[in-house]
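Right, one structure below, let's go through it.
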Amino acid sequence: MDDSMAERLPLSRRAMALPPYLEGLNPDQRAAVEALDGPVLVLSGAGTGKTRVLTTRLAHLLATGRAQAWQLLAVTFTNKAAREMRHRVEALLGPGSGGIPWLGTFHSISAQMLRRHAELVGLKPNFTILDTDDQNRLLKQLIEAEGVDEKRFTARALAGLIDSWKNRALKPASVSAKEAHAWGEGRSTEIYKAYQERLRVLNACDFGDLLMHMIHIFQDHPDVLAEYHRKLTYLMVDEYQDTNVAQYLWLRLLALGSKNICVVGDDDQSIYGWRGAEVDNILRFERDFPGAVVVRLERNYRSSGHILATASHLIAHNRARLGKTLWTQDEEGEKVVVRGVWDGDGEARGVADEIEAWTAAAQFSAQRSDGGDLREARTNPPHSFSSVAVLVRAAWQMRAFEERFLMLKIPYKVIGGPRFFERAEVRDVHAYLRLIRSEDDDLAFERVVNQPKRGVGDSSVAKLASLARSMGVSMLRAARDILETDEIKGAARTGLRAFIADLDRWRRWAQEKSHVELAETLLDESGYTAMLQADKSPTAQTRLENLKELVQAMGQFDSLEAYLEHVQLVLDLEAGGDGDEVHISTLHAAKGLEWPLVFLPGWEEGVFPSQRAIDEGGEKSLEEERRLAYVGVTRARTKAVISFAANRQIYGRWQTVPPSRFIDELPEAHIALASETGYGAPARGGVRDGWARFSPHGAPGAGFNSAYPSPGWRRAQERGQERGQERGPHRSIERDQERVGVSKPPVIDGQARLITKSGEDDAKFRKGQMVLHDKFGRGVIRMVEGNKLVVIFESGGEKRVIDSFVRAAG
DNA sequence: AGCCCTGTCCTTTTT
DNA sequence: GGACAGGGCT
């Protein structure tokens, strides 16, 4: 440690030789940690210890007494990242040190600020934060009111547009006429304006407002900004390459005070262009903040040589980048596997089989270490399920893997999967709570006024809405008034009266009882629980369980306010404990994570890169897709398996799809080809022309492709497994072949082949023909599609897509 | 009011 | 293969 630093350390620290938190940093990391003054740009490649640098830097500022915890502003993009940073600071400096008040996401920090200054933009401090669903419903109403054709110009599209404006801190008046014209023949800005007005009346914000309001407060009220300048003397930003214009402005305004701003990022990992991120922000940093110190972190600690080389070679195809040369001292390791498979099911099957093989090694070594030969055990290190990840481009690709894993009892967890707080029943409870808290919340009112059914139907709600609008009051207020008249009759009247009485009672309740009791009471008294209990469908059961979980989650917070703030922003409940599970994730959600074994399926044109990126956006979008590929490959520590299928179901239709262009951009020297399509080297010419037809085996054979696994289906599957029923019809391509004795897919060129066990496969299937299936019995062919048959079986009567083997019946 | 059927559109990626 | 809207029916 250098002398100047030593002097700043408290005596107790100086008594030690080197602050323990600085031990083991490489020179570049050390430089990044110790450059405390002025603007600093840390260009940090994948796996180069970025988070470590950030947390050590925070620890360093605190330990040297340069700053107190409340003077630090540390911004991340995800709550997960914020949480981790907090933990790691505590790990460095001891318990309690992670209590940095201004450490969080852009949105949560900005919300915290906005609650303190809400009145400056016409809001109350307890404003509601709307989610996408609320936002869409609100916009829909406004679009209707404006008389715009909602079919041609959807609320979703407008929401996206407004969001993109807010991402650039544009108020309705600042939107250019040209952009305004992109939707609803120019009426978009009027609706935007009406929307903002409506939000104000509802005392609500959307996500974009959290930042935009603060920016305008900073700009219009210098005294407020000055207050933050005095307080916040050290700014730190994670994932700077993903900041959008609004975030940039927000940061810049705050950084004008001390100028001590340290941003960390990697231009090669900028993958959020679609939500307004500007790679340009990081490319421009040195110009924006003159005198910036630039530190490059290029030593990779994560991936083996072949993996790193593959990723580097791939990303080198991008033009818009600062350029880094990552290196590692690790060994070469295994080559990156590239595998072509027959179809999506085959891909899932292959991945599952490989996971079983990988984890089986663990059992073997465990036995060995019991028995005695430890050296052997060490050459065969144990692999847990949690050492494996499957990373996909889009969420719909997860289904095939989930299905397969369920069948084989491979435990898995979907990262960032369907969100607990977006479930209908959870949102209903939230709406009740919101309405109890604030009468103005019309969106909440509309959501639950007839949930459970109270006889207040659409027509009554419409009446209330127009009345509220004409009187300029909330719908709840209008409802109270209308009950005084006889404008509303019958069931609607009784229902509405009861609803309002309930609300008033619960509101009084809320004064004295805890928020948990409040939730329990309202679920009970509103008849919501009863409604679900009366419903015998399996989904109702799940919903009841979700509600129990919800009440439990609420108990973890001190107050209703604290809870609502949490769910509105954080939206991810810490899923109880990390079990030993395979992780399934989108590539986006995988950023910042790593696994020893990573599967990267679905590398096909139209899937990855996505069709949208190919059609629109041009080279810029494709470069972002390539960065996504780079992020994917660099998640792997010791082994990466890329795969692409020849046939895939898209919109429920079978299509033959060409391999991704990114496959051709991989460096052959670091790749091991393992093609099951028999298609050989993808890098050779003629790749994309009719190639799928030459499959030497690839009889898919993995049984059926049933309807999407509803919760009920899953449970049935699990019960079956508990009873020791067959796990999956076939376990591998080889066994498929052996079992059936054919090496061709059952259906070729749109014409079905009759597949028999003896291999007589020449007869053709046609629509209407009666067939016999090993597992499902007799059925009728409803459709021949690609290499699949759609069959209605007599047992069960549901249609199934069949890609395994059937015989002509009778 | 509510249920079932049919047709349409659809899918990136997230705070 | 699914969400959702609209129409026709009870």
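No hydrogens, no waters, no symmetry mates; every other heavy atom, side chains included, goes into these values. Convention: sequence-line order gives letters A, B, ...; per-chain numbering from 1.
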| field | Cation-pi check, A:Arg626 onto A:Phe662 ring (under 6.0 Å, within 45° of axis) | value |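 No, cation not above the ring by the 6.0 Å, 45° rule.
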Could you give the [atom1]-to-[atom2] distance, from [X] to [N], as a whole number of Å?
{"X": "A:Trp396", "N": "B:dC9", "atom1": "CH2", "atom2": "C1'", "answer": "16 Å"}
{"X": "A:Trp250", "N": "B:dT15", "atom1": "CH2", "atom2": "C1'", "answer": "13 Å"}
{"X": "A:Arg454", "N": "B:dG2", "atom1": "CZ", "atom2": "P", "answer": "13 Å"}
{"X": "A:Arg83", "N": "B:dT15", "atom1": "CZ", "atom2": "C1'", "answer": "14 Å"}
{"X": "A:Leu114", "N": "B:dT15", "atom1": "CG", "atom2": "P", "answer": "20 Å"}
{"X": "A:Asn136", "N": "C:dA5", "atom1": "CG", "atom2": "P", "answer": "11 Å"}
{"X": "A:Leu593", "N": "B:dT13", "atom1": "CG", "atom2": "P", "answer": "17 Å"}

Quick check on [N]: is either OP1 or OP2 less than 4.0 Å from any side-chain nitrogen or oxygen of [X]?
{"X": "A:Arg156", "N": "B:dT11", "answer": "yes"}
{"X": "A:Lys80", "N": "B:dT14", "answer": "no"}
{"X": "A:Thr78", "N": "B:dT14", "answer": "no"}

| By centroid distance (under 5.5 Å) and plane angle (under 30°), are A:Phe77 and B:dT15 in a stacked arrangement? |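 The ring of A:Phe77 is not stacked on B:dT15.
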At under 4.0 Å between heavy atoms, what does [X] touch on the DNA or RNA strands: base, sugar-phosphate, or nothing?
{"X": "A:Ala613", "answer": "nothing"}
{"X": "A:Arg627", "answer": "nothing"}
{"X": "A:Val456", "answer": "sugar-phosphate"}

Which nucleotide in the set [options] lies at the smallest distance from any side-chain heavy atom of [X]?
{"X": "A:Tyr272", "options": "B:dG2, B:dT11, B:dT14", "value": "B:dT14"}
{"X": "A:Lys140", "options": "B:dT14, B:dT11, C:dA5", "value": "C:dA5"}
{"X": "A:Arg399", "options": "B:dG2, C:dG1, B:dT13", "value": "C:dG1"}
{"X": "A:His107", "options": "B:dT13, B:dT11, B:dT15", "value": "B:dT15"}
{"X": "A:Arg275", "options": "B:dT13, B:dG2, B:dT15", "value": "B:dT15"}

| Taking everything shown except A:Arg156 itself, do over 12 heavy atoms lie less than 6.0 Å from its CZ? |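 12 or below, so no.
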| query | From A:Trp102 CH2 over to A:Leu235 CG, what is the distance, rounded to the nearest 0.5 angstrom? | reply |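 Going from CH2 on A:Trp102 over to CG on A:Leu235, the span is 11.5 Å.
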| request: Could you tell me whether a side-chain N or O of A:Ser110 sits under 3.5 Å from a main-chain N or O of A:Leu210, the two making a donor and an acceptor? | output: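 Looks like yes, one N/O pair under 3.5 Å.
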| request: Please check if the side chain of A:Arg627 supplies one atom and the backbone of A:Ile315 the other of a donor-acceptor pair under 3.5 Å. | output: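 Checked: no pair found.
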| Which residue lies toward the 5' end of DNA chain B, A:Ser460 or A:Glu624, if each is placed at its nearest nucleotide? |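 Its nearest nucleotide being more 5', the pick is A:Ser460.
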| field | Which residue lies more 5' along DNA chain B, comparing A:Phe106 with A:Asn450 via nearest heavy atoms | value |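 Looking at DNA chain B, the more 5' nearest nucleotide goes with A:Asn450.
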| field | Separation of the P atoms in C:dC4 and B:dT13, to the nearest angstrom | value |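 Between the two P atoms, the distance is 15 Å.
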| field | Residues A:Leu587, A:Leu600; criterion side-chain contact (heavy atoms from CB on, under 4.5 Å); working and verdict | value | CA-CA 9 Å; A:Leu587 286 161; A:Leu600 299 161; 4.0 Å; yes
